[in-house]
Amino acid sequence: MMTKRVLTRLFRIQVLIGLCVPILFYGCAPSNGGKDAGKKETPALQVMTVNAADATVTTGYSALLEGKVNVEIRPQVDGTLQNIYVDEGSYVKAGQPLFKIDDRVYREQYNSAVAAQHAAEAGFAVAKLEVDKLVPLVQNKVVADIQLKIAKANYQAAKASVEQTTAAARSAHVNLDYTVIKAPVSGYIGKIPFRLGSLVSKNQSEWLTLLSDVSEVYAYFSMSELDFSRFRQQYSGASFQEMLRKVAPVSLIIADGTRFSEKGAITTISGQFDQATGSVRLRAVFPNPHALLRSGNTGKVEMESISHRVLLVPQASTVELQDKVFVFLLGKGNKVKKQVIAVQAKSGNDYIVSSGLQPGDTIVTVGVDKLQDGAVITPVRNISPAAKESRQ
């Protein structure tokens, strides 16, 4: 019983000490009259003055690449493939044989047509002899005039037969030539879906291969109606061709993100907008001396344009919220205001601002992620590139 009482007293003493110690420490703490409690540190942040300057705007458009010439190689006669002289990906020159179709039937048709031609030529010679024989006899009134007329008619019929059989022989020779399929242009061979012995027909939908001349490549890309309107405003001209001659050379970014070594030129603009997409199609031509680009490649065409006397703000000085872009505008008493801006385009790491700011406005450039609307800061001046340019 005594042990239980002792333990109870010790527990009460420990609780009392635990409550008193914090009070003693609080009472011993130095006092400055409560000044630190109401004091809030003012952050020092860099600011810049927005000024008008010229800017280079780079705009990229997804593009599909095609060779200068893409030829679908198709059979023009029916038969089985007897020889395939090339392989997929091979480079061929114009006139080089590509495929051979079994020509035995067409060779015999040609031989038969030539024989018919020879027979017609012989008949023509006989008819001519008959006319030559009857002419003096009619003149001497040895035979009736009607026999000469008949001979002359036979002569004309024989002549027509020669012309007909000659045409048939030529046609048979053309079909015989079609059994050897040759390259119409120089270029690279695409996929070959057929093999030796495959039956091919001049009416089939599938081609034997696709031959591409890639000495130059065409990059086809689409431009929205708004972008095209700005494009036309920037480059004046009485016609599209005159306008395109003023456009600066364009660049091509290939699929791996690298920039193609050759510059290109925009050469054509489609005559109408695509109603489904609301865009117009353009074509840029790029030299391809080393055949690095092939038909079917994809890339991005980059166009550079100069915008004069525009307002630039660093992208790092902006905050995006609900599809809107904000900056912190420095006002009286170094108080900042959250200001929405309209972005027209990008220029490097800067935004081109079309509305929301005026020349001479000062904005915060760093620390904007944690800055609150209405906060007071200590501004640290940072001269913008645009301001440096205007001073020079």
Side-chain angles (χ1 to χ4, degrees), residues 52-73 91 93-94 183-188 190 210-255 257-310 343-348 352 354:
D54 295 342
T56 301
V57 179
T58 302
T59 309
Y61 300 95
S62 297
L64 177 64
L65 306 185
E66 292 184 7
K68 179 181 179 181
V69 179
N70 287 327
V71 183
E72 299 173 357
I73 306 299
Y91 178 79
K93 294 183 178 181
V185 296
S186 299
Y188 289 89
L210 186 68
L211 179 60
S212 298
D213 177 5
V214 293
S215 57
E216 291 182 336
V217 292
Y218 294 161
Y220 291 96
F221 62 99
S222 297
M223 187 179 290
S224 68
E225 189 172 356
L226 178 60
D227 287 345
F228 184 69
S229 177
R230 293 172 179 168
F231 178 72
R232 289 207 61 183
Q233 292 173 3
Q234 185 171 6
Y235 301 101
S236 59
S239 65
F240 280 151
Q241 294 302 322
E242 183 179 344
M243 180 181 68
L244 291 178
R245 283 194 289 268
K246 299 179 181 179
V247 179
V250 296
S251 301
L252 178 65
I253 308 299
I254 56 180
T258 59
R259 188 178 299 273
F260 186 55
S261 58
E262 303 289 336
K263 290 283 189 177
I266 299 177
T267 57
T268 61
I269 300 175
S270 176
Q272 60 184 7
F273 278 82
D274 187 335
Q275 294 182 354
T277 61
S279 60
V280 66
R281 196 182 194 198
L282 293 85
R283 185 184 74 189
V285 181
F286 291 87
N288 190 28
H290 303 296
L292 297 179
L293 303 177
R294 301 293 178 92
S295 293
N297 281 150
T298 58
K300 184 170 67 173
V301 174
E302 284 191 347
M303 300 175 57
E304 290 187 353
S305 59
I306 305 297
S307 296
H308 300 284
R309 307 300 297 168
V310 294
V343 176
Q344 177 180 333
K346 293 181 180 179
S347 176
I352 297 179
S354 59

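These numbers come from the heavy atoms of this one structure, side chains and all, not from hydrogens, waters or symmetry mates.
R309 and A52 make their closest contact through NH1-O, 3.3 Å (heavy atoms, listed as atom of the first residue, atom of the second, distance). Residues G187 and L211 approach most closely at C-CD1, 3.6 Å, considering heavy atoms. When all heavy atoms of F273 and M223 are compared, the pair lying nearest together is CE2-O, 4.4 Å. Closest non-hydrogen pair, P289 versus E262, comes out as CG-OE2, 3.9 Å. When all heavy atoms of A55 and V310 are compared, the closest pair comes out as CB-CG2, 3.9 Å.
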Query raised in the report: Between T56 and I306, does a side-chain contact (heavy atoms from CB on, under 4.5 Å) hold up when you go through it step by step?
Result: CA-CA 5 Å; T56 301; I306 305 297; 3.3 Å; yes
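Taking CD1 from I254 and CG from N297, the interatomic distance works out to 8.0 Å, rounded to the nearest 0.5 Å. Taking CZ from F240 and OG1 from T268, the interatomic distance works out to 11.0 Å, rounded to the nearest 0.5 Å. The OH atom of Y235 sits 11.0 Å away from atom NZ of K246, with the distance rounded to the nearest 0.5 Å. Atom NZ of K263 sits about 10.5 Å away from atom CG of L252, to the nearest 0.5 Å. Rounded to the nearest 0.5 Å, atoms CG (L282) and OG (S222) are 8.0 Å apart.
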Just list the side-chain donor-acceptor pairs under 3.5 Å for residues 224-233, sequence neighbours left out, or say none.
residue : atom : partner : partner atom : Å
S224    : OG   : D227    : N            : 3.2
S224    : OG   : D227    : OD2          : 3.4

Using atom types as modelled, flag every donor-acceptor pair under 3.5 Å from a side chain in residues 57-70 to any protein atom, sequence neighbours excluded.
residue : atom : partner : partner atom : Å
N70     : OD1  : S212    : OG           : 2.8
N70     : OD1  : S295    : OG           : 3.0

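E304 pairs by the salt bridge (Lys or Arg N to Asp or Glu O under 4.0 Å) definition with nothing, not counting sequence neighbours. A search for side chain to side chain contact (heavy atoms under 4.5 Å, CB included) contacts involving Q234 returns S305, not counting sequence neighbours. Under the salt bridge (Lys or Arg N to Asp or Glu O under 4.0 Å) criterion, E302 pairs with R259, sequence neighbours left out. For V250, the side chain to side chain contact (heavy atoms under 4.5 Å, CB included) partners at least two apart in sequence or on another chain are I266, A284, F286, V301, M303.
The closest donor-acceptor contact from the side chain of N288 to the backbone of E216 lies at 3.5 Å or more, if one exists at all. Within the 3.5 Å criterion, the main-chain N or O of S215 finds a donor-acceptor partner in the side chain of D213.
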